[in-house]
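The analysis underlying the following values was restricted to heavy atoms, covering all of them including side chains, and did not include hydrogens, waters or symmetry mates. Residue numbers count from 1 along this sequence.
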Amino acid sequence: MAGSAAPPEEEDPQTLARWYQLEALERAVAGNTVAFLETGAGKTLIAVLLLRAYAHRLRSAPPPSFAVFLVPTVVLVSQQARVIEAHTDLRVNQFYGEMGVDLWRADTWRAAVDGTEVLVMTPQILLDNLRHSFFRLRDIALLIFDECHHANGNSPYASILKEFYHPQLNSRPSDPIPRIFGMTASLINSKDLQRASYSVKISKLENLMNAKVYTVDSESALSQYIPFAKTRIVQYDDSSIPSELYSHTTGCLKKLEAKHLEILKLKLNGSSFENAEKRIKKVSATFLYCISHLGVWLAAKAAEVLQTYKESCLSFWGEKLDERAEGFVRNYAKDVYNDLSETISKMTERGIQRHIGEDFAADLQDGLLTSKVHFLIKSLLEYRHMQDLRCIVFVERVITSIILESLLSTIHQMSGWIVRYMAGSQQQCRNKHIEIIDSFRRGKVHLIIATQILEEGLDVPSCNLIIRFDPSATVRSFIQSRGRARKQNSDYVLLVRRGDANAHSKTLEFLASGQIMREESLRLASTPCQPLPNTLCKEKCYVVQSTGAVVTLNSSVPLIYFFCSKLPSDEYFKPLPRFNIDKALGTCTLHLPNSSPVHTVYAQGEVSVLKQVVCLKACQELHAIGALTDALLPELTVLEDEPDIVVEKYKEEQPDYFPEQLVDKWLHFSRLGLYYCYKISLEGYSKTTPAEIVLAVKSDMGSDFISNSFKLWGVQDYVTVTMRYVGIIHLNQEQVIVARRFQTTILSLIISNDHLEVGDSIKNLLEMPVSPGVVYLLLPVVAGKIDWCSIKFSASPTLEATNKDIRRCHSCKDTDFVQTKDGPLCRCTLKNSIVCTPHNGTLYAVSGFLDLNVNSLLHRSDGSVVSYKTHFKTRRGLDLTCEDQPLLAASKILKVRNFLQKGNCQGKKETSNRNAVELPPELCIVVMSPLSAHTLYSFSFIPSIMYRIQCMLLSVKLKSQLGPIMQQFDIPALKILEALTTKKCQEEFSQESLETLGDSFLKYIATQHLFSKYKHQHEGMLTKMKKNLISNAALCQLACSNNLVGYIRSEPFNPETWIIPGLGYDTCGSSKIVIQSPNMYSLRKLKLSIKSKRIADSVEALIGAYLSAAGEQGAYVFMKSLGMDIEFHNMPIERKVTIKSEEFINRRSLEEMLGYDFNDPSLLVEALTHGSYQIAGTTACYQRLEFLGDAVLDHIFTDYFYHQYPECTPELLTDLRSASVNNYCYAHAAVKAGLHKHILHLSSALYRRMADYLDTFKQSFSGPSYGWEAGIGLPKVLGDVIESIAGAIYVDSKCDKEIVWRSMKRLLEPLATPDTLEMDPVKELNEFCDSRAYSITYTLTHDNRVSSVVAEVQTKGTAYKATRTGITKDDAKKLAAKAVLQDMKAADGMK
């Protein structure tokens, strides 16, 4: 087997080149050349050698410089690219339409060709790139045209040469211009076989390509290198099917056609009817062709194929139909199949008991097959004994290829052959073509029934038999199909009708044509090419001076269609241009869709080019107003899902700002002398009265701290912290030093609960670090005065004295000592102290002595009663010796926690009784004394209190950072803090409600700005612009450039990482605080990166904060201060509309319905005009006003709910907004008010959809319009109209939202309230199942544009299931979830 042999080593193509290839190469290097050689003669090798000759030039020229290899079909792109890559070291890239290149812009192309030396592509891609000026002709060093006979008329090959090559050649001959090399097996692509015309056509091709033809003298010169197939003519009889059968079948066909056309008239109208009618007539003609030319059996097979082959066959008849129309065509094909099958079966009943092909004579006689098909089979069977057969049968029609594949696959004499059909890209994808050819090469497929797709270019080297079932239409087709037979001793079989003299003579002319072309080419060899006249004169093209992009008469029509295809559309309307041509007057009026900024264009000219002339003029006008870019392309409106990126600057690490008021150097701070004092009080705790604490700082903290209060959670319900400014205090350096030692000691004990660790950390407190750190003092207050006694002595080194025989407090005169682990101490030293018990390493707060000693009885938790002495011996292994000493009343020091976290109050409330213990003094070491329990308790809240103060100070800092312009707005720091606090922090407030408010205002401002600034842009472009303006990425970038990220609080407060004032240094003395910029500090430990969505949410929340506290002007100025390029209420829109509104709408009735009289009634007409209403003289369609009204309504509703229900949770605010601001509730309100009767449209599908819905749900329009279920299934158009009317009133009332609100309330009342709000069933079912650990699955199916969803819940032992349908999958899912929920609640006994 050849396949199993080792692949041969790649040889240098230069050593393999034949003499004529080297000759052609020399000619091509010397000048522009067209290589005219037989198929299989190695033209591609010449192109490869030429590329190698140009390699140095490509690499040495300044970029961009590349070669372009053009091929006429997509399937050839990869084939030729592989050949170039295999035989050169050039960098090759391939381009074709499926890659989406039609939508690429200049930067995408630059990136795609960067570093590429050879571009292999189809010619339309190069032509488009030259027209849009993405490529310049001077960048192309070598331009290769494969199958260059396509260079005629207005083909892409010819257009490249006429529009770009020749104009540059004529006007700028000194400019760099590409070398041209063409390849073809037939210089002429024509039906005209007159010898005289050959010379003219060859000369025309040479002039167009500015190249001379290279060829050989005769076929014999090549015969030693390539095999030529032997031509055989097979004559088939001119027999037709029996007249009785023909009359019967054709009569039945006509009756069925008439019947189905009548059904169409009843079921469809408008364009759907026209398309379906045209399709049925076309299908009917196909069946008639099959009956006449192929036989009844193959006609029945065609009908069977067209009713079942869903993926391909209906696309044979043109563009794809909508599903309903397609269904009617299938039904027609099904009836034809049934009818023909019945006819065949009746013949079987008359005694024909056989399979098709068993008795060809009988099949012919009965009309099941025609003589032509019979002779095809007969010809094939002559080769059934051939080893390794590879045959291609060429047919004219796609349907012929499919049904012949079916027939030949069923004939038992051919049972060993695998048969496949090949047709164009509409029927089979590129990968399918490659798969079939690859199988053919490897012998897995023996017989291909192909249309002309296989005639050209594709490399099929193993073919040894070609049969032309249908004759070639042109010389080129004949030559190329014959050239497919590339094996030695191949045959080229032509089926010709017996007695058809014309066909016989045509065949002989075709056979002689190759030699005639060679002779004429050689005769013209010395005649120089003639220059083409400049085809791009000013009257016939439009050039953009800044870019060089050009639109010509030839390209203007497709560009206008492309422009229209990018305008907004919906399921009821696809925007297309309309042309009114008056041939008598030589005029044409182009009507563009209503969403186009240019509606009507008028032109005069020659009738033959009127359409092109008016489109060229339209392109010029569209570019002038910006609807076409400078590359002469419509702006793309495709919105991609935005990735949740992290801005590059903050990808790894983000600053965590720290307020400057609390940062200083301790040495400098200790010498200030005067300090600003704020008294912190805790209220609301019933069990004890916490001590007050004075916060002493270096500077005034501002007006927000004169009087402030907030809540701490997790102690009973909550504790209120009140903070008041109490004036300036004088402290000397010694007082600062002892106060620092006190606060660091007590806070370290509270946070770490490890006295040894605390001892190590405060050893060096007498030293003053030189780097800035967290610097402020926390001074306990007793009886209204600072408790200097505790401050000075409780953390004093005197307790560490070496004389342990006798130690007493500073004021005690009592000589009653108690023995401790450290030796004797006086009672009052122990009475208010913190002690540690080394046996378990636990810290306790001692409040006094008990009337108990070690011999007293202890009631243990297991019910037993023993003495304390016995308990400590048995449980701890400790011997107690001081039997007369009283026990200490103590309680465990609770580890400090985040009291700002509201979740703390759930199950974490203070339980002091459980922590109370009785301690023998002899087991204790005193750590701090004197220190009251009240003071200790108060200091346990300090980390949470100071963290809130830090955050408040940062909020004040942010206000001042925004610049002087923002200082005019008085906004509380707490409101800023709320906007910066994410939900993840789990505090009593979060940014969510402000984010919802700010989001709606941001969209509103951006929308009205874009609406008024870009008067000519349609809704799709405006939507894209808005996304770019206010996307998460854009907002994140603004936050980063304004240094806002360091203010955002994205994680819950962690007291363990909180910096204790006085201890914020590492072992090397470096501070945990770093200078970010002048007057800006941040923690050395950076925050985790915050994703752009969270940063963007914070920007929206800040907008919401300014909006709620300082009104619209405050929010707008804040947005401007961030750098947003927007204008507010700049809406003087000049409208030049002169229509009489009463001719289109019932103005009086509508204004009464809306409660508003329009100053400009054309706005109301526009608000009601659907895109399908293509009536000359009307306004634009409603899409721009809908774009505006959507944002206005969203903001009005959000603002209303935010202020109407100030206590509602963020979740409830979102639910209220979602239930009220959605297309379905608007659609419901529109129908309830009767607005659907006033919409201007010309869409039968929209009419039918509304009629069907209204007939089904006649009683459903009396209730409220809010909620997920109101209006479900109604056309989106109805909701759009509510939004467009809101936009119209907004513009007409000069941006008065109050007027819009009053008018819209009339339509939308009653509004949703927290009490009437119905929960989304999908969300409710999820929560219901989560609480019971049930599993939910949703299964989605689609049928005829209707979605069906099966919701299934698996419980313990029972499955609940419901199936519901809807226009969208979301509708169906909600309805199914509701049904399952109702069943489960009923079974669960719930209401």
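Using modelled atom types, one side-chain atom of E117 and one backbone atom of R91 make a donor-acceptor pair closer than 3.5 Å. In this structure, T33 contributes its side chain and R27 its backbone to a donor-acceptor pair below 3.5 Å. Put simply, the side chain of E38 never gets that close to the backbone of I226: no donor and acceptor are under 3.5 Å apart. Looking at N207, its side chain does come within 3.5 Å of a backbone N or O of S203 through a donor-acceptor pair. In this structure a side-chain-to-backbone donor-acceptor pair under 3.5 Å is present from E206 to V213. Side-chain atoms of T116 never come within 3.5 Å of backbone atoms of V118 as a donor-acceptor pair (strictly under, hydrogens ignored). Side chain of H433 to backbone of A423: a donor-acceptor contact under 3.5 angstrom is found. Counting only distance, with no hydrogens or angles, the side chain of H1018 and the backbone of G1020 share a donor-acceptor pair below 3.5 Å. Without hydrogens or angle criteria, D139 side chain to S65 main chain gives no donor-acceptor distance under 3.5 Å. One N or O on the side chain of Y157 and one on the backbone of D146 form a donor-acceptor pair closer than 3.5 Å.
Residues L559 and C615 are not in side-chain contact: their nearest non-hydrogen atoms beyond the backbone lie 4.5 Å or more apart. Side-chain contact check for L633 versus F562: some heavy-atom pair is nearer than 4.5 Å. At a threshold of 4.5 Å between non-hydrogen side-chain atoms, the residues I560 and L592 count as touching. Using a 4.5 Å heavy-atom threshold, the side chains of E163 and R131 count as touching. At a threshold of 4.5 Å between non-hydrogen side-chain atoms, the residues E147 and V71 do not count as touching. When side chains are defined from C-beta on, Y198 counts as touching V475, because their heavy atoms get closer than 4.5 Å. Contact annotation: the side chain of N154 approaches that of K162 to within less than 4.5 Å [non-hydrogen atoms, C-beta and beyond]. Put simply, the side chain of L51 reaches to within 4.5 Å of the side chain of I144, judged on heavy atoms.
The pair E520-R523 counts as a salt bridge, with a side-chain nitrogen and a carboxylate oxygen less than 4.0 angstrom apart. Looking at R59 and D89, a side-chain N of the basic residue comes within less than 4.0 Å of a carboxylate O on the acidic one, giving a salt bridge.
N431 and E435 are not linked by any side-chain donor-acceptor pair at a separation below 3.5 angstrom, with hydrogens and angles left out of the test. A donor-acceptor contact under 3.5 angstrom links the side chains of E455 and S477, judged on distance only. There is no side-chain donor-acceptor pair under 3.5 Å between S186 and H149. Between the side chains of S159 and N554, a donor-acceptor pair is found at a separation under 3.5 Å. Side chain to side chain, N32 and Y165 meet the donor-acceptor criterion of an N or O pair below 3.5 Å. When only modelled atom types and interatomic distance are considered, R57 and S60 share no side-chain donor-acceptor pair under 3.5 Å.
For A17 against L45, the heavy-atom pair with the smallest separation is CA-CD2, 4.3 Å. The two residues I479 and A185 have their closest heavy-atom pair at CG2-O, 3.4 Å. Nearest heavy-atom pair across L103 and K566 is CD2-NZ, 3.6 Å. Counting all heavy atoms, side chain and backbone alike, P123 lies closest to L70 at CA-CD2, 4.0 Å. S596 and L567 make their closest contact through CB-CD1, 4.0 Å (heavy atoms, listed as atom of the first residue, atom of the second, distance). Here the shortest heavy-atom pairing between T547 and S133 reads O-OG, 2.5 Å.
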Please lay out, stage by stage, how Y20 and Y214 fare under the test ring-ring contact (aromatic ring centres under 6.0 Å, His included). CA-CA 9 Å; Y20 61 86; Y214 169 83; 7.8 Å; no
Assess whether side chain to side chain contact (heavy atoms under 4.5 Å, CB included) is satisfied between T122 and T73, documenting all intermediate values. CA-CA 6 Å; T122 49; T73 59; 6.0 Å; no
Under the criterion salt bridge (charged side-chain N to carboxylate O under 4.0 Å, His left out), I'd like the reasoning laid out for D438 against R442: C-alpha separation, chi angles, the key distance, then a yes or no. CA-CA 6 Å; D438 190 49; R442 291 185 291 112; 3.2 Å; yes
Verdict with supporting geometry, R484 and T39, side chain to side chain contact (heavy atoms under 4.5 Å, CB included): CA-CA 7 Å; R484 295 293 92 197; T39 302; 3.3 Å; yes
Decide yes or no on side chain to side chain contact (heavy atoms under 4.5 Å, CB included) for V48 and I46, but give the supporting numbers first. CA-CA 5 Å; V48 167; I46 303 169; over 6 Å; no
Would you check, one step at a time, whether the test side chain to side chain contact (heavy atoms under 4.5 Å, CB included) holds for R179 with L143? CA-CA 6 Å; R179 171 59 45 85; L143 184 54; over 6 Å; no
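The CG atom of L137 sits 8.5 Å away from the CZ atom of F164 when rounded to the nearest 0.5 Å. Taking CD from Q168 and CD1 from I177, the interatomic distance works out to 4.5 Å, rounded to the nearest 0.5 Å. With rounding to the nearest 0.5 angstrom, the OG atom of S199 is 12.0 Å from the CD1 atom of I516. Summarising the geometry, atom CD belonging to Q124 is positioned 9.5 Å from atom OG belonging to S155; distances are rounded to the nearest 0.5 Å. Atoms CZ and CG, from F36 and L205 in turn, are 11.0 Å apart once rounded to the nearest 0.5 Å. Between the SG atom of C619 and the CD atom of Q612 there is a distance of 11.5 Å, given to the nearest 0.5 Å.
Taking the six-membered ring where the residue is Trp, the centroids of Y54 and F181 are separated by 6.0 Å or more.
Taking the six-membered ring for Trp and thresholds of 30 and 60 degrees, F95 and W109 have ring planes inclined between 30 and 60 degrees apart.
The number of heavy-atom neighbours closer than 6.0 Å to NZ of K204, taken from other residues, nucleotides and ligands shown, is 12 or below. Open room surrounds CZ on R138; 12 or fewer heavy atoms of other groups in view lie less than 6.0 Å from it.
For the pairing with S556, the side chain to side chain contact (heavy atoms under 4.5 Å, CB included) check across L632, L616, V609 returns one residue only, L616. Y542 pairs in a side-chain hydrogen bond (donor to acceptor under 3.5 Å, both in side chains) with only one of the listed residues (K617, H623, E621), which is H623.
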